[in-house]
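Working notes, structure below.
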There are 2 protein chains.
Amino acid sequence: MSFRFGPLIIPQSQVFMVSRLSYGLVNLKPAVPGHVLVVSRRPVTRFNDLSADEVTDLFQQGQRVSRLVERVYKADSLALVIQDGKEAGQSVPHVHLHILPRRKADFANNDDIYDELGSRKRVRGVDNDERVPRSAEEMAREAELLRSELGEWSSDASTLSDGRAST
Amino acid sequence: MSFRFGPLIIPQSQVFMVSRLSYGLVNLKPAVPGHVLVVSRRPVTRFNDLSADEVTDLFQQGQRVSRLVERVYKADSLALVIQDGKEAGQSVPHVHLHILPRRKADFANNDDIYDELGSRKRVRGVDNDERVPRSAEEMAREAELLRSELGEWSSDASTLSDGRAST
């Protein structure tokens with residue numbers, strides 16, 4: 001099983017959730033701890049390109065994942081953001097929902113995260129050049145934790161939780 | 001038919017879309033032209049409080065409304081944002097999806113809108129004190145335009161498009 005994210009192929013070690021039409025991906029350069037993405041499995045660019053089924057699955061799973069990261073990262077709130085198209089700061093041309101657990105005082109100004117998420121000068125989604133990328137090992141550890149908390153497949157199992165063979 | 005938005009009762013003149021579980025609301029202080037909200041009809045605070053049906057309806061309608069405002073406001077992109085909880089800058093304690101049509105150069109720095117949407121010092125959602133509120137007439141005119149473009153009920157009709165009597 002492989003996971004496309006725009007032009008990229010994402011290793012399964014970085015994926016913590018797989019549903020019929022979406023998957024959950026840890027972040028190379030999270031803006032806050034637990035900043036994850038829920039991505040449509042079909043590689044389309046714009047929100048409007050999603051079918052009704054894909055919209056439903058993305059946000060049902062988005063709700064499930066938001067509940068997960070709020071609990072695991074001991075947050076009080078969440079930001080949910082889709083940068084839908086280039087003029088909205090979308091960096092990877094593939095529909096993805098940012099989910100960011102928020103805690104009191106996680107930024108000096110509580111709302112700077114929107115600047116952090118949005119500013120071209122600083123950070124844009126997952127592929128900015130100014131935040132230090134994490135190691136593959138760190139990302140795999142986080143994905144394993146989230147997978148385990150979510151009751152998804154374990155990285156040492158040969159099958160995903162829904163019985164599909166992993167590759 | 002009345003529409004709650006947190007502690008507020010929204011006049012129908014400001015509502016441009018009504019579905020089974022959601023409604024579309026024009027903005028008192030839009031960050032950009034066409035900045036609208038899709039609101040759950042049941043007044044709950046957090047995204048996680050929504051039922052599966054409510055999540056589906058909110059984002060199916062969100063997709064429909066995003067297509068509408070992108071076309072009507074001649075935009076190229078969209079920002080979709082939920083500030084879910086106080087620490088994420090949520091100002092009205094009632095789940096609402098911000099939909100913002102984006103165009104090239106609508107802000108001097110294209111991504112300043114996230115700061116505009118997020119910053120406590122400047123603008124937070126719909127109830128900040130620093131942006132000049134629009135008149136009820138201007139809001140009603142915009143809602144009428146969007147309603148008409150969407151094929152919803154007309155303000156001079158006595159019934160909504162789904163046949164319910166308006167009040």
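No hydrogens, no waters, no symmetry mates; every other heavy atom, side chains included, goes into these values. Reminder, nothing fancy here: chain letters follow the sequence lines and each chain counts from 1.
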Can you tell which of A:N48, A:L97, A:L50 has the highest number of heavy-atom pairs within less than 4.5 Å of chain B?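 Of the candidates given, the most pairs with chain B belong to A:N48.
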Following the transitive rule for hydrophobic clusters with a side-chain heavy-atom cut-off under 4.5 Å over Ile, Leu, Val, Met, Phe, Trp and Tyr, establish whether B:I10 and B:V92 coincide in one cluster.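 Yes, same cluster.
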Spell out, yes or no, whether A:L150 and A:L21 are grouped together once hydrophobic residues are joined by side-chain heavy atoms under 4.5 Å, including indirect joins.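 Cluster IDs for A:L150 and A:L21 differ.
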Could you tell me which portion of A:L58 (side chain, backbone, both or neither) has an atom closer than 4.5 angstrom to a non-hydrogen atom of chain B?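 For A:L58, there is no contact with chain B at all, as no heavy atom is under 4.5 Å.
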What part of A:R46 gets closer than 4.5 Å to chain B, counting heavy atoms only: side chain, backbone, both or neither?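 Contact with chain B involves the side chain of A:R46 alone.
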Looking at every non-hydrogen atom in both residues, tell me the closest pair between [X] and [Y] and how far apart they are.
| X | Y | result |
| --- | --- | --- |
| A:A79 | B:A88 | N-CB, 4.2 Å |
| B:A52 | A:Q60 | O-NE2, 3.0 Å |
| B:K104 | A:E87 | CA-OE1, 3.4 Å |
| A:Q63 | B:V55 | NE2-CG2, 3.6 Å |

What distance separates A:L100 CG from B:D84 CG, expressed to the nearest 0.5 Å?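 It is 11.5 Å, given to the nearest 0.5 Å.
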Enter the distance from A:I82:CD1 to B:S66:OG here, rounded to the nearest 0.5 Å.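 So the CD1 of A:I82 and the OG of B:S66 are separated by 9.0 Å.
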Residues A:L78, B:F47; criterion side-chain contact (heavy atoms from CB on, under 4.5 Å); working and verdict: CA-CA 9 Å; A:L78 296 157; B:F47 182 48; 5.5 Å; no
Step by step, work out the side-chain contact (heavy atoms from CB on, under 4.5 Å) result for B:F59 and A:T56. CA-CA 7 Å; B:F59 289 99; A:T56 295; over 6 Å; no
